[in-house]
2 protein chains.
Amino acid sequence: MKNNHVFIEKLRSSGLRPTKQRIEICKLLFDRKDTFHFSISDLENNLENLSNKKISLATIYNTIHAFREKGYLKEISINSDKTYFDTNTSDHHHFFDESKKKLIDLNDNDLGKIKIKKILPGKKIKSVEVLVRITNDK
Amino acid sequence: MKNNHVFIEKLRSSGLRPTKQRIEICKLLFDRKDTFHFSISDLENNLENLSNKKISLATIYNTIHAFREKGYLKEISINSDKTYFDTNTSDHHHFFDESKKKLIDLNDNDLGKIKIKKILPGKKIKSVEVLVRITNDK
DNA sequence: ACACTACATTAGAATCATTATAAATTATAA
DNA sequence: TTATAATTTATAATGATTCTAATGTAGTGT
Ligand SMILES: [Mn+2]
Ligand SMILES: [Mn+2]
Ligand SMILES: [Zn+2]
Ligand SMILES: [Zn+2]
(Lines give C-alpha, C1' and ligand atoms only; values in the text may rest on other atoms or scores of the structure.)
(Ligands and ions follow the chains in the order given, each with its own letter.)
Protein backbone atom coordinates (compact mmCIF):
# COMPACT_ATOMS: atom_id res chain seq x y z
CA MET A 1 0.00 0.00 0.00
CA LYS A 2 2.07 2.89 -1.27
CA ASN A 3 1.52 6.48 -0.26
CA ASN A 4 0.08 8.79 -2.89
CA HIS A 5 3.16 10.93 -2.41
CA VAL A 6 5.26 8.29 -4.16
CA PHE A 7 3.13 8.62 -7.28
CA ILE A 8 2.97 12.40 -7.09
CA GLU A 9 6.76 12.44 -7.10
CA LYS A 10 6.96 9.88 -9.87
CA LEU A 11 4.67 11.99 -12.04
CA ARG A 12 6.32 15.32 -11.23
CA SER A 13 9.79 13.94 -11.84
CA SER A 14 8.87 13.12 -15.41
CA GLY A 15 7.07 16.36 -16.10
CA LEU A 16 3.51 15.10 -15.73
CA ARG A 17 1.18 17.05 -13.49
CA PRO A 18 -0.09 14.87 -10.68
CA THR A 19 -3.82 15.01 -11.32
CA LYS A 20 -6.26 12.89 -9.37
CA GLN A 21 -6.98 10.81 -12.45
CA ARG A 22 -3.31 10.00 -13.01
CA ILE A 23 -2.77 9.20 -9.35
CA GLU A 24 -5.79 6.92 -9.37
CA ILE A 25 -4.44 5.07 -12.40
CA CYS A 26 -0.99 4.87 -10.82
CA LYS A 27 -2.52 3.24 -7.77
CA LEU A 28 -4.19 0.59 -9.88
CA LEU A 29 -1.12 -0.07 -11.99
CA PHE A 30 1.84 0.35 -9.69
CA ASP A 31 0.61 -0.19 -6.15
CA ARG A 32 1.15 -3.93 -6.10
CA LYS A 33 3.84 -6.49 -5.67
CA ASP A 34 3.70 -8.17 -9.05
CA THR A 35 3.70 -6.70 -12.52
CA PHE A 36 0.87 -7.58 -14.85
CA HIS A 37 -0.59 -7.21 -18.32
CA PHE A 38 -3.74 -5.34 -19.21
CA SER A 39 -5.77 -3.90 -22.03
CA ILE A 40 -7.46 -0.52 -21.96
CA SER A 41 -10.81 -2.20 -21.41
CA ASP A 42 -9.40 -4.20 -18.48
CA LEU A 43 -8.22 -0.96 -16.96
CA GLU A 44 -11.53 0.72 -17.67
CA ASN A 45 -13.35 -2.07 -15.81
CA ASN A 46 -10.97 -1.98 -12.87
CA LEU A 47 -11.35 1.74 -12.57
CA GLU A 48 -15.12 1.37 -12.48
CA ASN A 49 -15.05 -1.39 -9.89
CA LEU A 50 -12.04 -1.19 -7.58
CA SER A 51 -11.93 2.57 -7.72
CA ASN A 52 -15.04 4.73 -7.37
CA LYS A 53 -14.23 7.87 -9.32
CA LYS A 54 -15.28 8.01 -12.93
CA ILE A 55 -12.45 8.68 -15.36
CA SER A 56 -13.34 9.33 -18.97
CA LEU A 57 -12.14 6.91 -21.59
CA ALA A 58 -10.24 9.68 -23.34
CA THR A 59 -8.28 10.33 -20.17
CA ILE A 60 -7.52 6.66 -19.75
CA TYR A 61 -6.04 6.58 -23.24
CA ASN A 62 -4.18 9.86 -22.70
CA THR A 63 -2.73 8.65 -19.43
CA ILE A 64 -1.65 5.24 -20.66
CA HIS A 65 0.01 6.78 -23.69
CA ALA A 66 1.78 9.32 -21.49
CA PHE A 67 2.94 6.55 -19.17
CA ARG A 68 4.19 4.52 -22.10
CA GLU A 69 6.13 7.49 -23.44
CA LYS A 70 7.67 8.07 -20.03
CA GLY A 71 8.71 4.44 -19.87
CA TYR A 72 6.33 3.37 -17.10
CA LEU A 73 4.67 0.88 -19.39
CA LYS A 74 5.57 -1.39 -22.27
CA GLU A 75 3.26 -1.96 -25.19
CA ILE A 76 2.99 -5.60 -26.24
CA SER A 77 2.47 -6.71 -29.84
CA ILE A 78 -0.18 -9.30 -30.39
CA ASN A 79 -2.17 -9.13 -33.51
CA SER A 80 -5.33 -9.20 -31.56
CA ASP A 81 -8.04 -6.61 -31.75
CA LYS A 82 -6.78 -4.76 -28.75
CA THR A 83 -3.47 -3.45 -27.53
CA TYR A 84 -1.92 -4.87 -24.38
CA PHE A 85 0.28 -3.07 -21.90
CA ASP A 86 2.76 -4.40 -19.39
CA THR A 87 3.80 -2.89 -16.08
CA ASN A 88 6.97 -4.96 -16.35
CA THR A 89 9.19 -2.64 -18.36
CA SER A 90 12.29 -4.81 -18.27
CA ASP A 91 13.43 -6.59 -21.43
CA HIS A 92 11.48 -9.81 -21.51
CA HIS A 93 9.32 -11.97 -23.71
CA HIS A 94 5.90 -13.61 -23.58
CA PHE A 95 3.67 -16.55 -23.89
CA PHE A 96 0.27 -15.62 -25.24
CA ASP A 97 -2.40 -18.04 -24.19
CA GLU A 98 -4.81 -18.04 -27.11
CA SER A 99 -7.50 -19.79 -25.08
CA LYS A 100 -7.55 -17.30 -22.24
CA LYS A 101 -6.24 -14.31 -24.22
CA LYS A 102 -3.70 -13.81 -21.47
CA LEU A 103 -0.04 -12.85 -21.59
CA ILE A 104 2.49 -14.67 -19.41
CA ASP A 105 6.03 -13.44 -18.82
CA LEU A 106 9.03 -15.41 -20.00
CA ASN A 107 12.01 -14.67 -17.81
CA ASP A 108 15.58 -14.59 -19.02
CA ASN A 109 16.17 -18.15 -17.87
CA ASP A 110 13.02 -19.35 -19.64
CA LEU A 111 14.45 -18.47 -23.01
CA GLY A 112 17.83 -18.99 -24.66
CA LYS A 113 19.76 -16.01 -25.91
CA ILE A 114 18.45 -14.45 -29.10
CA LYS A 115 21.24 -13.76 -31.57
CA ILE A 116 20.52 -11.61 -34.57
CA LYS A 117 23.21 -12.13 -37.17
CA LYS A 118 21.79 -9.98 -39.93
CA ILE A 119 22.59 -6.29 -40.02
CA LEU A 120 20.93 -3.78 -42.28
CA PRO A 121 23.07 -0.77 -43.14
CA GLY A 122 21.62 2.52 -41.95
CA LYS A 123 19.27 0.76 -39.56
CA LYS A 124 19.47 0.12 -35.87
CA ILE A 125 17.61 -2.36 -33.70
CA LYS A 126 14.95 -0.79 -31.55
CA SER A 127 13.61 -3.89 -29.86
CA VAL A 128 13.47 -7.66 -30.08
CA GLU A 129 10.17 -9.26 -29.19
CA VAL A 130 9.50 -12.97 -28.91
CA LEU A 131 5.90 -14.10 -28.72
CA VAL A 132 5.16 -17.77 -28.08
CA ARG A 133 1.56 -18.57 -28.81
CA ILE A 134 0.14 -21.43 -26.76
CA THR A 135 -3.22 -23.17 -26.63
CA ASN A 136 -4.80 -25.90 -24.61
CA ASP A 137 -3.15 -29.28 -25.11
CA LYS A 138 -4.84 -32.36 -26.61
CA MET B 1 3.79 -16.66 -65.57
CA LYS B 2 1.84 -19.57 -64.21
CA ASN B 3 -1.17 -21.08 -65.93
CA ASN B 4 -4.56 -20.47 -64.31
CA HIS B 5 -4.93 -24.22 -64.18
CA VAL B 6 -2.30 -24.38 -61.46
CA PHE B 7 -4.40 -22.17 -59.25
CA ILE B 8 -7.64 -23.92 -60.12
CA GLU B 9 -6.06 -27.16 -58.96
CA LYS B 10 -4.61 -25.55 -55.87
CA LEU B 11 -8.02 -24.24 -54.89
CA ARG B 12 -9.92 -27.42 -55.71
CA SER B 13 -7.43 -29.57 -53.87
CA SER B 14 -8.16 -27.73 -50.65
CA GLY B 15 -11.90 -27.65 -51.09
CA LEU B 16 -12.24 -24.09 -52.32
CA ARG B 17 -14.25 -23.48 -55.44
CA PRO B 18 -12.13 -21.84 -58.11
CA THR B 19 -14.02 -18.62 -58.64
CA LYS B 20 -12.65 -15.89 -60.87
CA GLN B 21 -12.09 -13.68 -57.83
CA ARG B 22 -10.01 -16.30 -56.06
CA ILE B 23 -8.01 -17.04 -59.18
CA GLU B 24 -7.35 -13.35 -59.70
CA ILE B 25 -6.08 -13.03 -56.13
CA CYS B 26 -3.96 -16.16 -56.53
CA LYS B 27 -2.33 -14.63 -59.57
CA LEU B 28 -1.38 -11.53 -57.66
CA LEU B 29 -0.13 -13.41 -54.63
CA PHE B 30 1.44 -16.58 -55.95
CA ASP B 31 2.43 -15.93 -59.55
CA ARG B 32 5.89 -14.58 -58.79
CA LYS B 33 9.35 -15.72 -57.93
CA ASP B 34 9.74 -14.13 -54.50
CA THR B 35 7.47 -14.21 -51.52
CA PHE B 36 6.33 -10.92 -50.03
CA HIS B 37 4.37 -9.22 -47.29
CA PHE B 38 1.18 -7.26 -47.74
CA SER B 39 -1.76 -5.71 -45.97
CA ILE B 40 -5.35 -5.93 -47.13
CA SER B 41 -5.18 -2.35 -48.38
CA ASP B 42 -2.00 -3.14 -50.35
CA LEU B 43 -3.83 -6.01 -51.97
CA GLU B 44 -6.90 -3.88 -52.61
CA ASN B 45 -4.74 -1.32 -54.41
CA ASN B 46 -2.94 -3.94 -56.48
CA LEU B 47 -6.22 -5.50 -57.51
CA GLU B 48 -7.47 -2.13 -58.66
CA ASN B 49 -4.32 -1.32 -60.59
CA LEU B 50 -2.56 -4.41 -61.88
CA SER B 51 -5.77 -6.33 -62.36
CA ASN B 52 -8.84 -4.82 -63.98
CA LYS B 53 -11.76 -6.68 -62.46
CA LYS B 54 -13.40 -5.17 -59.41
CA ILE B 55 -13.47 -7.44 -56.39
CA SER B 56 -15.46 -6.31 -53.39
CA LEU B 57 -13.63 -5.64 -50.16
CA ALA B 58 -15.71 -8.32 -48.42
CA THR B 59 -14.49 -10.90 -50.91
CA ILE B 60 -10.89 -9.80 -50.44
CA TYR B 61 -11.22 -10.37 -46.70
CA ASN B 62 -13.07 -13.66 -47.18
CA THR B 63 -10.47 -14.92 -49.62
CA ILE B 64 -7.45 -13.93 -47.56
CA HIS B 65 -8.94 -15.53 -44.48
CA ALA B 66 -9.73 -18.68 -46.42
CA PHE B 67 -6.18 -18.77 -47.80
CA ARG B 68 -4.76 -18.29 -44.33
CA GLU B 69 -6.87 -21.14 -42.98
CA LYS B 70 -5.72 -23.39 -45.81
CA GLY B 71 -2.12 -22.50 -45.03
CA TYR B 72 -1.41 -20.48 -48.16
CA LEU B 73 -0.65 -17.42 -46.10
CA LYS B 74 0.82 -16.55 -42.74
CA GLU B 75 -0.54 -13.75 -40.60
CA ILE B 76 2.15 -11.56 -39.06
CA SER B 77 1.81 -9.91 -35.67
CA ILE B 78 2.77 -6.29 -35.49
CA ASN B 79 0.88 -4.06 -33.20
CA SER B 80 0.19 -1.72 -36.00
CA ASP B 81 -3.22 -0.62 -37.08
CA LYS B 82 -3.42 -3.16 -39.81
CA THR B 83 -2.78 -6.85 -40.19
CA TYR B 84 0.01 -8.08 -42.43
CA PHE B 85 0.12 -11.28 -44.39
CA ASP B 86 3.05 -13.23 -45.76
CA THR B 87 3.18 -15.47 -48.81
CA ASN B 88 6.22 -17.12 -47.23
CA THR B 89 4.57 -19.77 -45.09
CA SER B 90 7.77 -21.39 -43.86
CA ASP B 91 8.83 -20.92 -40.24
CA HIS B 92 10.74 -17.68 -40.18
CA HIS B 93 11.02 -14.39 -38.38
CA HIS B 94 11.02 -10.70 -39.23
CA PHE B 95 12.54 -7.31 -39.08
CA PHE B 96 9.92 -4.59 -39.04
CA ASP B 97 11.22 -1.33 -40.40
CA GLU B 98 9.33 1.27 -38.40
CA SER B 99 10.33 4.02 -40.80
CA LYS B 100 9.03 2.35 -43.92
CA LYS B 101 6.40 0.16 -42.24
CA LYS B 102 7.85 -2.77 -44.12
CA LEU B 103 8.53 -6.35 -43.06
CA ILE B 104 11.79 -8.04 -43.99
CA ASP B 105 12.39 -11.78 -43.68
CA LEU B 106 14.96 -13.18 -41.32
CA ASN B 107 16.23 -16.49 -42.59
CA ASP B 108 17.28 -19.37 -40.37
CA ASN B 109 20.92 -18.38 -40.63
CA ASP B 110 20.12 -14.77 -39.72
CA LEU B 111 18.92 -15.80 -36.30
CA GLY B 112 20.26 -18.17 -33.65
CA LYS B 113 18.10 -21.02 -32.42
CA ILE B 114 15.27 -20.02 -30.12
CA LYS B 115 15.08 -22.30 -27.10
CA ILE B 116 12.02 -22.15 -24.89
CA LYS B 117 12.80 -23.74 -21.56
CA LYS B 118 9.54 -23.04 -19.81
CA ILE B 119 6.67 -25.48 -20.15
CA LEU B 120 3.13 -24.85 -19.03
CA PRO B 121 1.16 -27.98 -18.11
CA GLY B 122 -1.89 -28.53 -20.30
CA LYS B 123 -0.62 -26.10 -22.92
CA LYS B 124 1.13 -26.66 -26.20
CA ILE B 125 3.15 -24.26 -28.29
CA LYS B 126 1.36 -23.13 -31.41
CA SER B 127 3.98 -20.79 -32.82
CA VAL B 128 7.10 -18.84 -31.96
CA GLU B 129 7.38 -15.40 -33.49
CA VAL B 130 10.36 -13.10 -33.27
CA LEU B 131 9.90 -9.51 -34.34
CA VAL B 132 12.93 -7.24 -34.49
CA ARG B 133 11.92 -3.62 -34.76
CA ILE B 134 14.39 -1.42 -36.60
CA THR B 135 14.55 2.27 -37.42
CA ASN B 136 16.85 4.56 -39.28
CA ASP B 137 20.27 4.84 -37.69
CA LYS B 138 21.60 7.94 -35.86
C1' DA C 1 -4.89 35.43 -2.32
C1' DC C 2 -5.38 36.52 -7.37
C1' DA C 3 -4.73 36.19 -12.03
C1' DC C 4 -2.59 33.99 -15.88
C1' DT C 5 -1.48 30.37 -18.70
C1' DA C 6 -0.25 26.05 -20.13
C1' DC C 7 -1.59 21.58 -19.27
C1' DA C 8 -5.29 18.18 -18.56
C1' DT C 9 -9.96 16.24 -18.59
C1' DT C 10 -14.13 15.35 -20.83
C1' DA C 11 -18.23 14.04 -23.79
C1' DG C 12 -19.01 13.16 -27.86
C1' DA C 13 -17.93 12.75 -32.75
C1' DA C 14 -14.95 10.88 -36.24
C1' DT C 15 -11.94 7.39 -38.08
C1' DC C 16 -10.85 3.18 -39.91
C1' DA C 17 -9.86 -1.71 -40.07
C1' DT C 18 -12.51 -5.49 -39.74
C1' DT C 19 -16.75 -8.33 -39.41
C1' DA C 20 -21.64 -9.22 -40.03
C1' DT C 21 -25.91 -9.31 -42.86
C1' DA C 22 -28.77 -10.76 -46.16
C1' DA C 23 -29.85 -10.74 -50.96
C1' DA C 24 -28.12 -11.98 -55.58
C1' DT C 25 -25.02 -14.92 -58.14
C1' DT C 26 -22.46 -18.97 -59.36
C1' DA C 27 -20.13 -23.59 -59.12
C1' DT C 28 -21.00 -28.19 -58.90
C1' DA C 29 -23.43 -32.46 -58.28
C1' DA C 30 -27.60 -35.07 -59.09
C1' DT D 1 -31.24 -29.01 -66.36
C1' DT D 2 -32.33 -28.39 -61.70
C1' DA D 3 -31.25 -28.26 -57.12
C1' DT D 4 -28.22 -27.09 -53.51
C1' DA D 5 -24.71 -25.17 -51.20
C1' DA D 6 -20.93 -22.11 -51.66
C1' DT D 7 -19.61 -17.55 -52.88
C1' DT D 8 -19.85 -12.72 -53.93
C1' DT D 9 -21.48 -8.33 -53.01
C1' DA D 10 -23.18 -3.77 -51.29
C1' DT D 11 -23.95 -2.07 -47.29
C1' DA D 12 -24.43 -1.73 -42.37
C1' DA D 13 -22.54 -2.66 -37.93
C1' DT D 14 -18.81 -3.10 -34.70
C1' DG D 15 -15.26 -1.70 -31.81
C1' DA D 16 -10.84 0.03 -30.67
C1' DT D 17 -8.63 4.16 -31.03
C1' DT D 18 -8.07 9.08 -32.06
C1' DC D 19 -9.75 13.74 -32.63
C1' DT D 20 -12.20 18.01 -31.28
C1' DA D 21 -13.31 21.73 -28.88
C1' DA D 22 -15.20 23.20 -24.64
C1' DT D 23 -14.36 23.21 -19.73
C1' DG D 24 -11.49 22.53 -15.68
C1' DT D 25 -7.19 22.66 -13.02
C1' DA D 26 -2.21 22.87 -11.46
C1' DG D 27 1.68 25.54 -11.19
C1' DT D 28 3.87 30.20 -11.54
C1' DG D 29 4.41 34.74 -10.71
C1' DT D 30 2.49 39.00 -8.74
MN1 LIG E 1 -6.79 -10.25 -36.66
MN1 LIG F 1 -1.06 1.05 -31.39
ZN1 LIG G 1 5.35 -9.02 -19.55
ZN1 LIG H 1 8.07 -13.18 -44.02
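In what follows, every chain begins at residue 1, and chains take the letters A, B, ... in the order their sequences are listed.
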query = Taking OP1 and OP2 of dT28(C), is either one under 4.0 Å from a side-chain nitrogen or oxygen of Arg17(B)?
reply = no
task = Establish, with yes or no, whether the OP1 or OP2 oxygen of dT19(C) is under 4.0 angstrom from a side-chain nitrogen or oxygen of His65(B).
result = yes
query = Rounded to whole angstroms, how far apart are CG on Leu11(B) and P on dT26(C)?
reply = 18 Å
task = Using whole Å, report how far NZ of Lys53(A) lies from C1' of dA8(C).
result = 18 Å
Would you list the protein and nucleotides 10-12 of chain C atom pairs, both N or O, that sit under 3.5 Å from each other?
| unit_1 | atom_1 | unit_2 | atom_2 | d |
| --- | --- | --- | --- | --- |
| dT10(C) | OP1 | Gln21(A) | NE2 | 3.3 |
| dT10(C) | OP2 | Ser56(A) | N | 3.1 |
| dT10(C) | OP2 | Thr59(A) | OG1 | 2.8 |

inquiry  = Please name the nucleotide paired to dA23(C) by Watson-Crick or G-U wobble geometry with both distances under 3.5 Å, or report none.
reply    = dT8(D)
ask   = Would Lys10(A) count as a cation-pi partner of Phe30(A), with NZ or CZ less than 6.0 Å from the six-membered ring centre and within 45° of the ring normal?
value = yes
key: Listed partners of Phe85(A) passing ring pair (Phe, Tyr, Trp, His ring centres under 6.0 Å), at least two apart   = Phe38(A)
query = Under 3.5 Å, is there a donor-acceptor pair between the Ser14(A) and Tyr72(A) side chains?
reply = yes
task = Test Asp86(A) against every option in His94(A), Arg68(A), Glu75(A) by the side-chain contact (heavy atoms from CB on, under 4.5 Å) rule and name the one that passes.
result = His94(A)
task = For dT18(C), take OP1 and OP2 only and decide whether either is under 4.0 Å from a side-chain N or O of Tyr61(B).
result = yes
task = Please indicate whether Lys126(A) has more than 12 foreign heavy atoms, meaning atoms of other residues, nucleotides or ligands, lying under 6.0 Å from its NZ.
result = no
ask   = Do Leu103(A) and Leu131(A) have side chains that get closer than 4.5 Å, going by heavy atoms?
value = yes
query = Separation of Leu47(A) atom CG from dT9(C) atom C1', in whole Å?
reply = 14 Å
message = For a quick test of reading the model: is some side-chain N or O of Thr83(B) closer than 4.0 Å to OP1 or OP2 of dA17(C)?
response = no
message = Expressed as a whole number of angstroms, how long is the span from Glu44(A):CD to dG15(D):C1'?
response = 12 Å
Any Arg22(B) side-chain N or O less than 4.0 Å from OP1/OP2 of dA27(C) = no
key: Atom pair distance, as rounded to whole Å: CD1 in Ile8(B) and P in dT7(D)   = 15 Å
task = Say whether, by atom type as modelled, one donor and one acceptor occur between the side chain of His92(B) and the main chain of Ser90(B) under 3.5 angstrom.
result = yes
request  = Take atom CG of Asp81(A) and atom P of dA20(C), then tell me their distance rounded to the nearest Å.
outcome  = 10 Å
query = From dT18(C), dA16(D), dT9(C), pick the nucleotide closest to the side chain of Thr19(A)?
reply = dT9(C)
remark   = Regarding the side chain of Ile40(A), the nearest nucleotide among dT17(D), dT18(C), dA27(C) is dT17(D)
inquiry  = In this structure, how many angstroms lie between the C1' atom of dA5(D) and the CG atom of Leu16(B), rounded?
reply    = 14 Å
ask   = Can you check the Asn45(B) CG to dA17(C) P distance for me, whole Å?
value = 11 Å
